Every structure is written in structure tokens, then in C-alpha cells.
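To start, I am sharing the structure in question, which I have written as C-alpha cells.
Just so we're clear, the structure is a prediction, and the values are computed from it rather than from any experiment. Proteins get letters first, then strands, A, B, ... in listed order; numbering begins at 1 in each.
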Amino acid sequence: MKASQFYLSTLKEAPQDAELKSHQLMIRAGFIKRLSSGLYSWMPLGLRVLKKVENIIREEMNKAGGIELLMPAIQPSELWNETQRWDLFGPQMLKIKDRHDNDFCFGPTHEEVITDIVRKEIKSYKQLPVNFYQIQTKFRDEIRPRFGVMRAREFLMKDSYSFHANDESLQETYKAMFEAYNRIFTQIGLNYRSVAADSGAIGGDSSHEFHVLADSGEDLIAFSDQSEYAANIEKATTQIQVNPEQKSLPTAKIHTPSISTINNLVRHFQCNLDQILKSIAFVADGELVICFLAGNREINLIKLQKTLAVKKLHMAKDADLEKNNLFPGFIGPQGIDHIRQIFDHSVLAMKNMICGANELDYHLKDFNFQQTPSCHDISNVIEGDLSPDGKGQLKFCRGIEVGHIFQLGKKYSEAMGANFLDEQGVSQILTMGCYGIGVSRIVAAAVEQNNDDNGMILPQSIAPFEVIIIPIGMNKSDLVKNECLKIYHSLKENNFDVLLDDRDLRPGIMFAESDLIGIPHRIVVGEKSLNLGEVEYKRRKDQEAYNISLNDVVENLKKVTTKTI
RNA sequence: CGGGGAGUAGCUCAGUCUGGUAGAGUGUCUGCUUUGGGAGCAGAAAGUCGCAGGUUCGAAUCCUGUCUCCCCGACCA
């Protein structure tokens, strides 16, 4: 590609509203252009990157037995009513009406459509298993879109859905997808981690997320420093370590006027956070619930909601507490049996704790339970916790979720009547798996992970171009011009994705732009070095350039690129 | 949905308090000069000051309403 025949448009300054490095760089480099909140155009340069990511995914999906199809972005409400999700999906789903006043949505996902296809197409066990995938635009009306295409409302996703006669078959495909995903992210050149996720009601160790590791990631990941255990903080758990040696002391009621916050208690009692029994009040489906947990832990709302098995959950207001004769800041477990209480498993490790006395301006010191209450995991793990497999301590890192694989079981096939005939001619419900990759998010994640002060440093596999040729004084020197064209053509003949910057700009501009847009290999052609029969070569990620012989340009590039041609 | 902030040229922003002909830098265009890290000089084009009302002789500026965008939180297959 010659730059004069392409479209490059870069900015010196990033728009003020771009917070994240990847967002700033993608806009400055002319990869994307914002149309509205969470809606972005992919400009020519960015589209090249997106397409490269897409193609790596497509190739690996095909190798892993996936079969590509393409479903409509617009979907009729009837299908969604079959699974109840028309109402359950919530405001994230963009609902629209056609001219006949019929309800449609812009698909946020495609379980319903694919299951409809499969129930009409798949009749026999002989057609199983099957794994369909598409690479397609989704729309989810996020409450707060942010960080450019990292969390956009409209985005490109690879979603696949597999159908099986039984669980073993699902496991096989799931494993194949897990391996394919690892190959995909490795090939793209991302520093990532697969994270086992608890699958809740569906059971089994059957869900994995793939996270690109980055400090700016929206997800917090807990992982063991000595085993393979890794989980999203939403789902991570721990083994609570109990010290049976510790002796119970007699309880004392202490006057603690106006000392109602945890920090003030720590100061007043000269104790550690984990000696304080923290109480947090919620209103769950209209009922007041008091949660107790160690003072150094935070409530995990997802776990709490699951444990309580309620639909609506919010923090209680002071008025809710006062109605029940409770004093905010002085709530404890003693003498409130008429109120629903739930204990976090961190309580198991606590003895001689400090807690509210359910009396204004009083706390209990050295409180102990007569009988250990039944406990649940309703808190987030903290760094240093024992890994749930008993091996090692938990550490934290941040991640950007770029992939998610899941064993759905019969949830959709049952609701929609997707059946097949088995070997005995008996009708059975199909078993299903689904596997997603955020294609456009990968581009943002790759930039987020690979940049410096001058711009992006993209992995060769997804860079908009692999090599750039920068001529110095091209229009002044026929020698420069001819040698550039020669190099350009020989690189193209050798299947390099090469950009010749033939715009005849000042060198500084060309250097700055090629750095900004992250092209991994750079060849500078100037008269001085040409007279020595050489050109300059520099890798984007290296500081120093060096000269190579004019005759060795192609060979040298073959050597320094990992690419197999 | 709650809290905070912002809408003025393609981009970054001043001007608003204290009403009086619409500004700068950068980018774009022209010419000259320059050619190894976003150079220099000269000139030019470019804005319904988010939108709608109101006050006023006069509104980017004051008042009312409204829309959009961003940040923090809540929420999130």
C-alpha cells in the first residue's frame, strides 16, 4: 500500500474526553471516530487492525471445527418471548418497532436465533455435534459506555454456539474451544490469562473467562501464587482459616459515644480491622436483612443476592433501621433474632470480636457466639487469603475481559423445544454451549497493553501494516525514489504487508506518525546510507536503529519477523 | 437513577463573573523557505457560540426550559 493512495489522519492532541491510553491513541492514530456515546466508526487504518484480529479468530475457529454463518442483527420479539428474555433482559436491549408496529430488538446476543435455526435444521443425532459461529455487530445499551471501543454500545463480537447429544460431547467441544481461544490470544500476541469462573446454577466447573492483563482493566482477578487457581473477584472464593487455639474471653459492654465508624472503632479499641464484626443492612425484596462480616472485608453483592435468592437488593436507609429499633453504627448480632441475619464465612475465623450492642453509643468487646452461626460466602476475597484449593495465597491483578466460554446445558433448547432423535429414535433435548470473543475490544486491549510515549507498539499479527518504508527526500532524489520502490515491490512479492510513505512530507512527521500508529518494523531510505549501499532498519519497540545492506532487506525482515511465509 | 463537570472553527481551548462587531494555538488551503523526529515566514478559508424560549436598544455572556457529551457511583449476558 502506498500512503498517497490510502487514508491516514492523525491528531497531535487527544480529545479531552478520552481517558484511557488506548482510547486516546486509537483516536489520535485515526483508528476510530466517535459518532455518539458508545458508537464508533472504524476508520480505514483501524479497520485493517480489526480485520486482522477477525481473521485470526476465523482461522482458529475453522481449525477447531467451527462453521461460520451470519444471522440477522435485528430479531423479532417472538423468539425472545419463548425464553422469557424479552422481559428479563432489561434496558440493555434496544427494542424497536417496524412499520407494522411489531416488536423487534437489535440483537444483544444470539442464543434465541441460533436455537431457532437448529431446532428447524437438526433432526438427528447423526448431525451432532455441531458448532456454528458468526462474527457480527451486537448492540447492548450499556448504562455507561466508556473508554472508546473498550466498552461500546455497538461492538463486533465473535459468538459461537455448539449443540450436542449429551454432556460428554459438550465437554469435548468446550475443551476444543478453550484450546482454540488460547491459540487465538497467543497468536494475537496478548498477555492474557484464562480465568475459571463459577457457573452458578448450571453447575460444574464449566465457565471460563479470558482476560487481557492491564492495570486499567475493569475486572479484578484473584489468582493463587502457587496453583492454577484464578477467578474473577465476582466469583473468587477462599478457605477461611480458623485458629482453634484462641481462648474466648468474657464479653464486656463498653460505652462508645459517637464512635460509629469502623475506623473510629479501630482507633478507640487499638485493634485490627479483622477483630471488628462489621454489620451492613440491606433491604432484600422488601425484607430487612443484616449481614455480618469481618471488618476487613467487603460485601460481594452478586454472592449475597445469590445466597438470599432474591430479585431486588439495595442498601438499607437509616430510616429502615430506626423502624426496627436498630442504631446505625451500633448494630450487632445479639438480641435481634426477630430480624433476618446472614453471616459471612469470615466470621468463622473471629473470636473475641468487637461489635455493636444494639444500644445507642455502646459496643461489645470480646463478643463470642454461643453457637457458631451457619455461614455463607458473601464477601470478596482479599489479597493474602488462602487459595480455595489450599495451595498458595491469593493475589490480585486487573484484566480486560475479551473472551468468555460457557456450558449452557439445556436452558435455551428446552425453552424453545430444540430436540433431536437419538439412536433409539427417542426425542431428546439438545445440550448447548456458547463461546464469545469481543473482537473490537481486543483491538483496544492490545493497544492498552502495548504503547509508549510515542504511540502504539502493535504486535505484528494485528498491526495495520507490518513494515513501513520512510523515504528521506523522495522527490529530490531519484535514487531514493527508485530504491524505495524496489524495496517496496520486493517486500510485497514476499508477502509482507508493507506501507510506503510516498507523501513526501518532512521526515519528522513521517517518523512521528509511523510510531503513533504502531507499525512494528521501519525501514528508512536516505541518500547518505544509500551511497554506502545500506538502509536503516528499526523495530518499533527498540530504541536503536541499525543499518543493513540494501541486498539484505528482505532476508533481514524475514529473520526479524516471526512470520512464517 | 444519584452526584459532579462540559458544550464556542476539524482538534485543544480562551472569552461568560462585569451584555456592546467572534478569539488564540493547532490542523486545512496558497506562496516562499526548509528536509533525519509533528520546523520557519507571509497570506487565506473556516463557527447559527448545542437547541428553544425570555429579558434587553443590543445576548456566546443574564433568566427559564431542553438536548447531548464526559467523569464518579449504583447497575451490568
- prompt: Is the closest side-chain donor-acceptor distance between A/Thr83 and A/Tyr412 under 3.5 Å?
  reply: no
Can a side-chain donor-acceptor contact be found between A/Gln134 and A/Asp159 if the only test is distance below 3.5 angstrom?
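Yes, because at least one side-chain N or O of A/Asp159 sits under 3.5 Å from a partner of the opposite role on A/Gln134.
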- How is A/Glu513 classified with respect to the nucleic acid when contacts are heavy atoms under 4.0 Å: base, sugar-phosphate, or nothing?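 Contact class for A/Glu513: base.
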Q: Verify the distance criterion only: is there a donor paired with an acceptor across the side chains of A/Asp344 and A/Ser379 at less than 3.5 Å?
A: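 Indeed, the side chains of A/Asp344 and A/Ser379 share at least one donor-acceptor pair under 3.5 Å.
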By the salt bridge (Lys or Arg N to Asp or Glu O under 4.0 Å) test, which pairs, at least two apart or in different chains, include something from residues 516-528 of chain A?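 Every pair satisfying salt bridge (Lys or Arg N to Asp or Glu O under 4.0 Å) with a residue in residues 516-528 of chain A: A/Arg522-A/Glu536.
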Check: If only side-chain N and O atoms of A/Arg506 are considered, is one of them under 4.0 Å from the OP1 or OP2 phosphate oxygen of B/U35?
Finding: no
Per-nucleotide protein contact along nucleotides 66-76 of chain B, 5' to 3', at a 4.0 Å heavy-atom cut-off (B base, S sugar-phosphate only, - neither), is ---SSSB-BBB
Counting any heavy atom closer than 4.0 Å, what does A/Lys528 reach on the DNA or RNA strands: base, sugar-phosphate only, or nothing?
nothing
Please write out each protein N/O paired with an N/O of nucleotides 45-48 of chain B under 3.5 Å, distance rounded to 0.1 Å.
none

All N/O pairs under 3.5 Å across the protein-nucleotides 23-33 of chain B interface:
from: B/G27; atom 1: OP1; to: A/Lys12; atom 2: NZ; distance (Å): 3.4

Contact list for RNA chain B against residues 531-538 of chain A - heavy-atom distance below 4.0 Å =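 Only A/Glu536 qualify.
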Atom pairs, protein N/O to nucleotides 2-4 of chain B N/O, distance under 3.5 Å:
none

Given the options A/Arg441, A/Arg151, A/Arg144, A/Glu218 meets salt bridge (Lys or Arg N to Asp or Glu O under 4.0 Å) only with A/Arg151
Quiz item: Within the structure shown, what part of the strands sits under 4.0 Å from A/Met474 by heavy-atom distance: base, sugar-phosphate, or nothing?
Solution: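 The answer is nothing, as A/Met474 stays clear of every strand by at least 4.0 Å.
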Rounded to whole Å, the CG-P distance (A/Leu11 to B/G10) equals 13 Å
